[in-house]
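Numbers here are sequence positions counted from 1.
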Amino acid sequence: MTDEERQRFENAKKKVRRLRLFYIHLAAYFVFVALLLYNLYIVSGPYKNNIISLNLSIIGVWTVIIIVHGFKIFNEKRMFKKSWEDKKVEKFLKEKDEKTTFWE
């Protein structure tokens with residue numbers, strides 16, 4: 001195995017590990033959010049408003065963390081890749097008339 005193949009293999013292993021950890025994080029998020037939502041349903045007593053505020057804060061912060069983690073993991077999968085941009089530039093250069101459609 002050459003150094004380049006070994007490096008590609010190590011990078012692939014790191015990506016798979018990061019993806020696996022993200023899915024574990026996502027599963028834990030769903031379990032704990034379900035438990036917190038159940039807690040919102042059953043809570044009563046003089047500290048009800050404080051408990052509800054704390055639970056909703058935890059859900060909100062953890063949701064932001066999950067979104068950031070997901071963007072960090074899936075940053076390679078962009079909607080508009082460089083090749084798409086290059087194709088669009090070529091298309092616009094080839095067009096002779098200046099008309100564009102509503103969506104472009």
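Distance check, rounded to the nearest 0.5 Å: CD1 of I24 to CG of L19 gives 10.0 Å. If you take NZ on K48 and CD1 on I42, they are separated by 11.5 Å, rounding to the nearest 0.5 Å.
Across I51, L54, I58, a single residue satisfies side-chain contact (heavy atoms from CB on, under 4.5 Å) together with L36, and that is I58.
The ring pair (Phe, Tyr, Trp, His ring centres under 6.0 Å) pairs that include a residue from residues 5-24 are F22-H69, F22-F74, where partners are two or more places apart or lie in different chains.
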Check: Hey, mind stepping through T63 and Y29 against side-chain contact (heavy atoms from CB on, under 4.5 Å) and telling me if it holds?
Finding: CA-CA 8 Å; T63 301; Y29 168 79; 2.6 Å; yes
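Under the 4.5 Å side-chain heavy-atom criterion for ILVMFWY residues, a single connected hydrophobic cluster contains both F30 and I65. Under a hydrophobic clustering in which Ile, Leu, Val, Met, Phe, Trp and Tyr are joined whenever their side-chain heavy atoms come within less than 4.5 Å, directly or via other members, V61 and V31 fall into the same cluster. V43 and Y38 fall into different hydrophobic clusters, defined by Ile, Leu, Val, Met, Phe, Trp and Tyr side-chain heavy atoms under 4.5 Å apart, directly or through other members.
Inter-residue side-chain proximity for L40 and L56 is flagged as met; some heavy-atom pair is nearer than 4.5 Å. In this structure the side chain of L37 reaches within 4.5 angstrom of the side chain of I59, judged on heavy atoms. Residues I73 and K15 have side chains not in contact (no heavy-atom distance under 4.5 Å, counting atoms from C-beta outward).
Take R6 and apply the salt bridge (Lys or Arg N to Asp or Glu O under 4.0 Å) test, not counting sequence neighbours, and it matches D3.
Counting heavy-atom neighbours within 6.0 Å of E4 CD, excluding the residue itself, gives a total of 12 or less.
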